[in-house]
Amino acid sequence: MENLDIAKFGGTSVANYEAMNSSAAVVTSNPNTRLVVVSACAGVTNILVELASGALDKDKRDEKLAKLREIHTEITAHFDNDVKDRCNSYIEDHLKEICNLAVEATMGRSDALTDRIVSHGELLSSYLICEVFNKRGHKAKWFDIRTIMRTDSAFGCSQPLVEVLGHLSRQHLLPLLNNDEIVVTQGFIGSNSEGQTTTLGRGGSDYSAALLGEAAGAATISIWTDVPGVYTTDPRLVPHAKPIAELTYLEAAEMATFGAKILHPSTLVPAVRRGIPVYVGSSKEPEKGGTWVRPQTESKPPFRAVALRKNQTLIVLASPKMVGASGFLAKVFGIFAKYKQSIDLVSTSEVSIAVTLDAGSQTSGISSISDEMIAELREFCHVQIESGLSLVAIIGNEMSKTAGTATKAFDAIEKFAVRMICYGASSHNLCFLVDENNANDALIELHRFLLE
Ligand code: ADP
Ligand code: ASP
Ligand code: MG
């Protein structure tokens with residue numbers, strides 16, 4: 001389809017009937033938007049993750065199930081009687097299944113079971129928003145994304161199998177986009193080759209939308225959220241942060257990687273592969289405009305944005321055998337690779353190497369740093385682990401090639417103890433690792449010095 005737009009709506013954009021209505025209006029105002037990808041209603045995934053932990057007793061589980069019922073029936077209360085009855089029984093069927101699975105989790109939790117439980121959030125929200133479209137006089141078709149979103153079996157943080165997705169979408173999804181119905185589907189969830197439900201990790205719906213944009217040959221991917229575009233930093237932390245009209249793929253990808261929650265870190269990957277522009281805007285206030293993320297932009301300021309990524313773990317590995325020896329780094333990185341642990345920052349000295357890891361994107365919320373990995377590292381070097389750290393990153397252009405950039409950044413952060421610095425590998429960022437108690441203040445200070 002020519003000029004196809006894919007619109008993704010996050011949790012707050014489908015939080016309740018009113019939010020769903022605004023989102024539906026955004027979709028129908030653009031005739032090119034034929035495919036809609038939704039997250040679970042705000043708060044639902046968190047509740048499902050708790051139910052999947054296996055740690056709740058019956059009273060607590062019932063309380064959580066009642067909260068899920070309340071969130072979803074607030075929406076169906078606005079439907080006509082026959083539609084309301086059908087939707088309420090759909091909700092009850094899902095609650096029954098969630099309840100059974102949550103009881104199963106008390107006998108032993110697993111990432112596979114967690115994925116099955118959390119998938120109900122997106123299944124419910126997508127089903128209900130279809131009825132909101134219908135009520136507004138626009139036909140909508142519910143599509144189970146698990147038919148085409150094939151992933152590996154790394155439950156809780158699965159990787160999509162892009163070629164299989166392309167093939168399956170040509171077979172099952174693309175033919176639907178030429179009909180007069182708007183196709184509504186789920187973000188975040190997928191299935192492995194055995195048909196088991198998987199998830200792409202927390203916040204993964206942005207990534208789902210971008211993957212579908214690539215598979216469907218979309219002209220644009222629109223990410224509709226609760227703020228009118230990407231700002232110079234999180235406007236919740238710095239209220240006078242400024243909206244950015246356009247960003248390059250690289251800038252946006254760096255921002256997402258370093259913690260700007262507005263985009264899942266992998267979102268730009270499929271967009272870059274196909275050169276698809278990504279728009280970010282507010283579903284509640286679309287008239288406020290937003291941000292275009294494109295291959296190139298007119299301006300390339302040295303300082304574009306600052307971002308904060310919490311929950312960093314620093315691992316310092318030391319071995320006197322490292323002096324003059326070769327192969328130490330290869331061995332260390334080999335072990336991280338074996339445990340599928342992705343390293344963010346690296347700094348080395350003569351006898352030691354320090355790396356930072358982010359343990360937090362798993363759907364279960366459980367740290368992905370395994371004890372076995374640490375034990376294996378301890379077999380040949382001294383290992384020191386520090387947690388409670390945050391990464392504060394400055395994102396910009398040609399930073400390491402412009403005189404005075406580092407001085408300005410260091411002046412801005414002079415009041416804070418910096419545990420580690422990373423600069424030089426990319427000319428687009430400069431990162432400081434700081435104590436998490438100072439992280440917000442450091443971010444505010446950097447923003448004030450460099451961007452206000
Ligand atoms: P959704 O549920 O729509 O996916 P998210 O909560 O995942 O929404 O992302 C939107 C939030 O991202 C905003 O409410 C804002 O607090 C946060 N955020 C972090 N960094 C930025 C930034 N640089 N610009 C805008 N929002 C940001
Ligand atoms: N519902 C999922 C989450 O809360 C996915 C998403 O919102 O993107 O993480
Ligand atoms: Mg999000």
Side-chain angles (χ1 to χ4, degrees), residues 7-15 19 22-23 26 37-50 52 71 114-115 117-126 145 149 156-158 185-190 198-211 222-245 247 251-267 280-285 288 290-291 293 304-310 360-365 392-395 440 443 446-447 451:
K8 176 261 170 177
F9 294 88
T12 44
S13 302
V14 293
S22 307
S23 297
V26 166
V37 178
V38 295
S39 297
C41 304
V44 166
T45 307
N46 287 348
I47 297 176
L48 293 168
V49 167
E50 284 184 72
I71 293 172
T114 302
D115 283 357
I117 295 178
V118 297
S119 68
H120 289 276
E122 270 69 13
L123 294 171
L124 281 161
S125 61
S126 55
I145 201 63
M149 185 60 77
C157 207
S158 306
T185 194
Q186 308 80 39
F188 182 50
I189 68 174
T198 57
T199 61
L200 305 179
R202 290 307 300 267
S205 297
D206 303 326
Y207 189 26
S208 305
L211 287 163
S222 304
I223 306 289
W224 295 99
T225 180
D226 58 355
V227 283
V230 182
Y231 280 58
T232 47
T233 193
D234 187 343
R236 281 182 213 278
L237 298 178
V238 181
H240 38 275
K242 292 191 273 297
I244 305 172
L247 278 172
E251 290 170 324
E254 296 263 356
M255 287 180 74
T257 302
F258 290 113
K261 187 182 165 232
I262 186 147
L263 291 174
H264 180 278
S266 303
T267 313
V280 183
S282 156
S283 61
K284 208 169 140 203
E285 301 173 302
K288 285 202 170 163
T291 303
V293 185
R304 178 69 97 177
V306 290
L308 173 64
R309 190 162 152 181
K310 295 197 165 153
S361 60
Q362 285 276 334
T363 295
S364 63
V392 184
I394 305 167
I395 293 101
N440 282 6
L443 182 87
L446 280 170
H447 192 271
L451 293 157

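In each ligand, atom 1 is the first atom listed, and ligand 1 is the first ligand listed.
Among protein heavy atoms, atom 4 (O) of ligand 1 sits closest to Lys8 NZ, 3.0 Å. In terms of protein heavy-atom proximity, atom 8 (O) of ligand 1 is nearest to Thr225 OG1, 3.2 Å. The protein non-hydrogen atom at the shortest distance from atom 13 (C) of ligand 1 is Asp226 OD1, 3.4 Å. From the protein, the heavy atom lying nearest to atom 24 (N) of ligand 1 is Tyr231 N, 2.9 Å. If you check which protein heavy atom lies closest to atom 12 (O) of ligand 1, you get Ile262 N, 3.4 Å. Given atom 5 (P) of ligand 1, the protein heavy atom at minimum distance is Lys261 NZ, 3.7 Å.
With a 4.5 Å cut-off on side-chain heavy atoms, Leu237 and His447 do not count as touching. Side-chain contact between Leu247 and Val280 is absent, with no heavy atoms from C-beta onward closer than 4.5 Å. Side chains of Val44 and Leu124 form no contact here, defined as non-hydrogen atoms less than 4.5 Å apart. Asn440 places a side-chain heavy atom less than 4.5 Å from the side chain of Lys310.
Below 3.5 Å of separation, one finds an N or O of Gly203 facing an N or O of ligand 2. Polar contact with ligand 1: present for Gly11 (N/O pair, distance under 3.5 Å). Annotation: Lys8 places no N or O atom under 3.5 Å from an N or O atom of ligand 2; distance criterion only. Between Asp206 and ligand 2, a contact under 3.5 Å exists for no N or O pair. Here's the thing with Asp234: one of its N/O atoms is less than 3.5 angstrom from an N/O atom of ligand 1.
Of the possible polar contacts, none joining the Thr199 side chain to the Asp115 backbone as a donor-acceptor pair under 3.5 Å is found. With Thr291 contributing its side chain and Ile244 its backbone, the two residues share a donor-acceptor pair below 3.5 Å. In terms of modelled atom types and a separation under 3.5 Å, the side chain of Ser23 and the main chain of Ser13 share a donor-acceptor contact.
Within ligand 2, the atoms closer than 4.0 Å to a non-hydrogen atom of Ser39 are 6 (C), 7 (O), 8 (O), numbered from 1 in the order shown. The distance from ligand 2 to the heavy atoms of Arg202 drops below 4.0 Å at these ligand atoms: 3 (C), 4 (O), 9 (O). Within ligand 1, the atoms closer than 4.0 Å to a non-hydrogen atom of Gly229 are 25 (C), numbered from 1 in the order shown. Residue-ligand proximity, Phe188 to ligand 2, at heavy-atom distances under 4.0 Å covers atoms 2 (C), 5 (C). Remark: ligand 1 atoms within the under-4.0 Å shell around heavy atoms of Met255 are 23 (N). Which parts of ligand 1 touch Val230 is read off a 4.0 Å heavy-atom cut-off, strictly below it: atoms 24 (N).
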- [ ] Would you sort out whether Asp234 and Lys261 count as a side chain to side chain contact (heavy atoms under 4.5 Å, CB included), showing the intermediate values?
- [x] CA-CA 8 Å; Asp234 187 343; Lys261 187 182 165 232; 5.8 Å; no

- [ ] Could you walk me through whether Glu122 and Ser39 pass side chain to side chain contact (heavy atoms under 4.5 Å, CB included), step by step?
- [x] CA-CA 5 Å; Glu122 270 69 13; Ser39 297; 3.9 Å; yes

TODO: Apply side chain to side chain contact (heavy atoms under 4.5 Å, CB included) to Gln362 and Val49, showing your working.
DONE: CA-CA 11 Å; Gln362 285 276 334; Val49 167; over 6 Å; no

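Contacts between Pro235 and ligand 1 below 4.0 angstrom, taking non-hydrogen atoms only, involve the side chain exclusively. Here Ser205 has heavy atoms under 4.0 Å from ligand 2 in both its backbone and its side chain. With a 4.0 Å heavy-atom cut-off, ligand 1 is reached by the backbone of Thr233 but not by any atom from C-beta on.
Between Gly203 and ligand 1 there is no heavy-atom distance shorter than 4.0 Å. The shortest heavy-atom distance from His264 to ligand 2 is not under 4.0 Å. Within the structure, ligand 1 lacks Gly259 among the residues with a heavy atom less than 4.0 angstrom away. Within the structure, ligand 2 lacks Gly10 among the residues with a heavy atom less than 4.0 angstrom away.
A salt bridge is absent between Lys284 and Asp226; no separation between the charged side-chain nitrogens and carboxylate oxygens falls under 4.0 Å.
Considering Val238, Leu443, Thr233 in turn, Leu443 is the only one that fulfils the side chain to side chain contact (heavy atoms under 4.5 Å, CB included) rule with Leu308. Remark: of the listed residues Thr363, Leu123, Thr198, Leu123 is the sole one forming a side chain to side chain contact (heavy atoms under 4.5 Å, CB included) with Ile189.
When every heavy atom of Pro243 is checked against every heavy atom of Tyr231, the shortest pair comes out as N-CD2, 3.6 Å.
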